[in-house]
Amino acid sequence: MSTAPEGHFRRTITSTNRVLQAREVELAGVTHPKGSRVLVLHASANRDPLEWDDPDTFDIRRDAGRQLRFGHGTHGCAGQGLARLETSAMLRALVQRVDRIEATGRPQWALKNIIHRLERLPLELVPA
């Protein structure tokens, strides 16, 4: 795999951080003056229509390097190495044993404020 596997599965992680602007900043053509309140919604980060064509559609061909994942720097997830290793192992095993994955029902989204995720995703793994 040329990119980290979680890049194809991560969608959104939501947290709300209210901060005050330390200086005047322009974002997407809108000037936010120093001292104005900013609400950070990470849930929209990987679904930004200014960044992605059809952002709400899962597309395994997307450039995973442009998406948010486990954070970075001092705020990076301590378990990200293990998570990448586990995901790579799982995907390699699937590729060897499964011909295709078919949806067997409608997905059901979980109602959560922190993580945008599926509650149920009925699938059938068709053996290779």
Side-chain angles (χ1 to χ4, degrees):
M1 295 184 164
S2 61
T3 62
E6 84 280 357
H8 299 295
F9 294 101
R10 60 186 168 264
R11 290 298 290 150
T12 57
I13 299 173
T14 307
S15 89
T16 55
N17 299 316
R18 291 174 181 87
V19 296
L20 296 178
Q21 282 297 121
R23 59 184 170 83
E24 184 175 290
V25 174
E26 183 179 326
L27 295 170
V30 177
T31 300
H32 302 272
K34 178 181 177 179
S36 62
R37 293 184 183 270
V38 176
L39 177 63
V40 179
L41 295 172
H42 296 281
S44 62
N46 292 332
R47 298 172 9 167
D48 182 352
L50 298 175
E51 181 68 22
W52 306 103
D53 294 329
D54 201 10
D56 289 326
T57 299
F58 173 73
D59 183 354
I60 199 163
R61 297 165 297 182
R62 278 193 184 142
D63 177 6
R66 292 176 37 219
Q67 296 187 25
L68 300 179
R69 40 185 179 267
F70 290 113
H72 58 85
T74 58
H75 300 288
C77 173
Q80 62 183 298
L82 178 59
R84 286 188 177 104
L85 183 65
E86 289 173 336
T87 303
S88 293
M90 182 269 305
L91 290 175
R92 285 190 181 94
L94 276 175
V95 166
Q96 293 173 356
R97 295 175 178 89
V98 175
D99 179 57
R100 67 186 181 279
I101 301 172
E102 296 179 354
T104 59
R106 295 183 62 112
Q108 178 184 352
W109 290 100
L111 300 175
K112 303 287 182 191
N113 289 334
I114 302 301
I115 299 175
H116 183 74
R117 67 171 178 85
L118 291 169
E119 184 73 39
R120 289 189 73 240
L121 180 60
L123 299 173
E124 178 183 357
L125 304 180
V126 179

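Counting begins at 1 with the first residue of the sequence.
By the side chain to side chain donor-acceptor pair (under 3.5 Å) test, Arg100 pairs with Glu102, sequence neighbours left out. By the side chain to side chain donor-acceptor pair (under 3.5 Å) test, Asp54 pairs with Thr57, sequence neighbours left out. For the side chain to side chain contact (heavy atoms under 4.5 Å, CB included) test, residues two or more places apart in sequence or in another chain that qualify with Leu121 are Pro107, Leu118, Leu123. Every side chain to side chain contact (heavy atoms under 4.5 Å, CB included) that Glu119 has, sequence neighbours left out, goes to Gln108, Ala110, Arg117. Applying the side chain to side chain contact (heavy atoms under 4.5 Å, CB included) criterion to Leu82, with sequence neighbours excluded, gives Glu86.
Heavy-atom minimum distance, Ser36 versus Pro33: OG-O, 2.8 Å. In this structure, Pro55 and Pro49 approach most closely via the heavy-atom pair CG-CA, 3.9 Å.
Annotation: Asp99, atom CG; neighbour count of heavy atoms from other residues, nucleotides and ligands within 6.0 Å is above 12.
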May I have the step-by-step check of side-chain hydrogen bond (donor to acceptor under 3.5 Å, both in side chains) for Arg84 and Gln80, ending in yes or no? CA-CA 6 Å; Arg84 286 188 177 104; Gln80 62 183 298; 2.8 Å; yes
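Met90 CE to Leu85 CG: the interatomic distance, rounded to the nearest 0.5 Å, is 12.0 Å.
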